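The structure appears below as C-alpha cells.
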Amino acid sequence: MTSMSRILKLSLIAASFFFLFFIPAEFIPIANITIEQQRVLAIFLMATLLWVSEAVPAYATSLLILGLLSITVSNTSPYFLREALNPEDMLNYKEILSSLAAPVVVLFLGGFFIAIAATKYKLDINLARVLLKPIGSDYKNVMLGLMGITAFFSMFMSNTATTAMMLTLLTPLLANVDTTDNGVKGVILAVPIAANIGGIGTPIGTPPNAIAFRYLTGEHAITFGEWMLFAIPMAVGLIMIAWVLLRRLYPGNIKELAVKIECTFERSPKAYLVYATTAATVLLWTTSSIHGVNSYTVALLPVIVFSLSGIIDTNDIKKINWDVLWLIAGGIALGYALEKSGLARAIVQTIPFDTMGTFVVLFLMAVVSMVMATFMSNTATANLLMPIAVSVATVLSGLENYGGVSLMVICVALSASMGMSLPISTPPNALAHATGMVASKDFIKTGKFISTIGVVLIFSVITLLGVMGYF
C-alpha cells in the first residue's frame, strides 16, 4: 500500500467516523437510537473499515477502540462530551480497560508461553519426528501425517508458528523431487489447510475460538474438554476430506517422500520441566470438569512455572504475539460496548429475523462469518460478528431450545476458521504462498471446496448437537 493510498483511506475512514458521530440521530435508520449508541456505532463502523482496509495494523485498531470508547461514551469522558450522555447509560471505563487483562487474554498468554518453551527446547520438532517416523515414505501417507501433526500442534500452538515449523520440515522432504510436479503443490497446501482446520479443535487453537469461549459462561458454560469432544472429531473429519480433495485436485507423479529429521529430545532439567508442565497444562485443560479449576486459571501454570524457572526470559517475553492479545482485547471492549449500550440488540431488531427460520438464520450467520474471514482476519471477523451473533441468538425464540447463545457463537467462531480461500485469508496461507510454489489461484481452487464443505459440516454437526441437548 503506497503512502498516498494509505492517507486517502485513512482520510475517508476518519470522515465516515466523524460524519456518523455528529449526524443528527433521526437520520440513522435505527429506531430510538441513543447518543451512546450512535457514538458506539461510529466506532464500530470505523473499526470495521480499518480492519477490512488494513490501513493500519489490526492491533492498532483495537487500541484505538479502547481509547475512543473510554473518551466518548464512558464515565471518564471529558465533560463536554459527557454532558450529552445519560449517566445510567455511560460505559464503565474500568470494564473497557480490563479487556487488556480479560480471562481469554490470559488463556491465550498461557498458550503462547507453551509454544515459545516448546520451540526453545525443541519439543515441537521432536514430537513431529516421533510422530512422522512410523508413517513411512509413501507420498499420500506422508501428506496425511503432515496434516495430522500440523492440526494437532495448531490446537495448542499458534497456527502461524506451527505452519512455519512444518514448512521448514518440508524443505528436506522436497529436496530430491521435481518441484514443478503438481504433487508438490498439494503437499505444501496441505500444511496451511491443516493448520487452519486444526485450530478449531480447542478453545485456544485460534482467536475466534477464544472470543467465543468468553461468551460461554453461566448457563451457557462449557469446559475446555467439552469443546474438544465435539470440535476434534470435526477437525479430524475435515482433515480427511481435505486430504482426499488435495490428492484429487493435485495428482502428481511423486511416489515417495523421505522423512529425515535429525534432532533428539533435550535431557536437561529445564527441558524435562517444559515437558512435564506442558503435559500437566494440557491434562488440566481437558479435565477441568473433574477438578473444578477453569481453563483460564490453568493457563497461569505455564506462565508462572516458566517465568520462575527462567525457561522464559526477558528476551523470550518479547517474542510473544502481543499484537494478537491486543487485537482480542479490542474485540472484547467493542463487544462490551455493543452489548452494554444496547446497540447490538437495536441493530438486530431492525432485521426481520422473526420472518426467517431459526436454522436459516444460524446458517446465514455461519456463511457470513466464513465469507468475511476470507477477506479479513478471522480474529477481526469474530470480534465484529460475535456481539451481533449473541443479540441475534437472544431474539430467535426457537434457538433457545437447542442451546441458544452457545449454538450461535460456536457456529460463528468455527465458521470463521473456514475462511481460507485467499493467500491473505490467514497467516498460514500467507506463509505457504511465500514459498513461491503455490499461487493465489491454488488457494481459490482448494478453498472454495474446503470452506464450503467446512461450513456445511460445522453447521450440521453443531445443529445436531443442539437438537440432542449437548449445549
Side-chain angles (χ1 to χ4, degrees), residues 1 5-100 326-351 372 376-377 379-392:
M1 185 187 300
S5 64
R6 182 171 176 270
I7 292 172
L8 179 60
K9 283 184 179 180
L10 289 174
S11 299
L12 291 172
I13 292 170
S16 300
F17 168 75
F18 286 113
F19 174 77
L20 190 54
F21 193 93
F22 291 109
I23 189 177
E26 54 267 25
F27 289 101
I28 300 175
I30 297 177
N32 302 316
I33 188 170
T34 65
I35 295 296
E36 292 82 8
Q37 291 172 349
Q38 179 179 351
R39 292 178 180 179
V40 172
L41 181 61
I43 295 170
F44 178 78
L45 174 66
M46 178 212 64
T48 302
L49 293 175
L50 286 174
W51 274 328
V52 171
S53 68
E54 298 181 333
V56 296
Y59 71 87
T61 300
S62 285
L63 295 175
L64 181 59
I65 289 169
L66 293 171
L68 285 177
L69 288 175
S70 299
I71 291 171
T72 62
V73 289
S74 80
N75 52 1
T76 190
S77 301
Y79 291 122
F80 72 93
L81 287 175
R82 201 189 310 178
E83 61 184 5
L85 302 175
N86 184 336
E88 296 179 358
D89 294 333
M90 285 189 293
L91 305 185
N92 189 327
Y93 79 94
K94 292 181 181 179
E95 291 289 339
I96 296 170
L97 297 181
S98 67
S99 302
L100 288 165
W326 290 344
L327 184 58
I328 293 173
I332 292 171
L334 187 58
Y336 164 71
L338 286 167
E339 182 180 350
K340 183 68 175 177
S341 69
L343 177 60
R345 178 174 288 272
I347 292 173
V348 168
Q349 288 174 344
T350 64
I351 304 171
M372 286 179 62
M376 60 188 286
S377 156
T379 309
T381 296
N383 276 340
L384 292 170
L385 277 186
M386 210 59 73
I388 295 173
V390 171
S391 292
V392 170

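Predicted model only: the values in this text are computed from it and were never measured. Computation of the quantities below employed the complete heavy-atom set of this structure, encompassing side-chain atoms and omitting hydrogens, waters and symmetry-equivalent molecules.
Among all heavy-atom pairs drawn from I96 and A333, the shortest one is O-CB, 4.1 Å. Taking every heavy atom of both residues into account, P387 and A382 meet most closely at CD-O, 4.3 Å. Nearest approach of A55 to K9, heavy atoms of both residues: CB-CB, 4.3 Å.
Here M372 contributes atom CE and T48 contributes atom OG1; the two are 6.5 Å apart, rounded to the nearest 0.5 Å. For the atom pair L343 CG and I388 CD1, the distance stands at 8.0 Å (nearest 0.5 Å). Distance check: L81 CG to I35 CD1 gives 11.0 Å after rounding to the nearest 0.5 Å. Taken from CG in L66 to OG1 in T61, the straight-line distance is 11.0 Å, to the nearest 0.5 Å. Of the inter-residue distances, the one linking L68 atom CG with M46 atom CE reads 5.0 Å to the nearest 0.5 angstrom. The structure places CG of L334 at 5.0 Å from CD1 of I65, a figure rounded to the nearest 0.5 Å.
Partners of L20 under the side-chain contact (heavy atoms from CB on, under 4.5 Å) rule, at least two apart in sequence or in another chain, are I23, I28, L41, A42, L45. In this view, Y93 satisfies the ring pair (Phe, Tyr, Trp, His ring centres under 6.0 Å) rule with no residue, not counting sequence neighbours. The side-chain contact (heavy atoms from CB on, under 4.5 Å) check on A337 picks up V40, L69, L91, with sequence neighbours excluded. Qualifying ring pair (Phe, Tyr, Trp, His ring centres under 6.0 Å) partners for F21, counting only residues two or more places apart in sequence or in other chains: F17. Every side-chain contact (heavy atoms from CB on, under 4.5 Å) that P24 has, sequence neighbours left out, goes to E26, F27.
Using a 4.5 Å heavy-atom cutoff, the side chains of L64 and L50 are in contact. Contact check for K340 versus D89: no side-chain heavy atoms found under the 4.5 Å cut-off.
Evaluation of the ring pair (Phe, Tyr, Trp, His ring centres under 6.0 Å) test over residues 59-87, restricted to residues two or more places apart or in two chains, returns Y59-W326. Residue pairs meeting the side chain to side chain donor-acceptor pair (under 3.5 Å) criterion with at least one partner in residues 63-76, sequence neighbours excluded, do not occur; the list is empty. Sequence neighbours left out, the pairs with a member in residues 34-44 that pass side chain to side chain donor-acceptor pair (under 3.5 Å) are T34-E36.
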Give the intermediate values and the outcome of side chain to side chain contact (heavy atoms under 4.5 Å, CB included) for residues V73 and S341. CA-CA 9 Å; V73 289; S341 69; over 6 Å; no
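Under a cut-off of 6.0 angstrom, the local environment of CG in N86 is crowded, with over 12 non-hydrogen atoms contributed by other residues, nucleotides or ligands.
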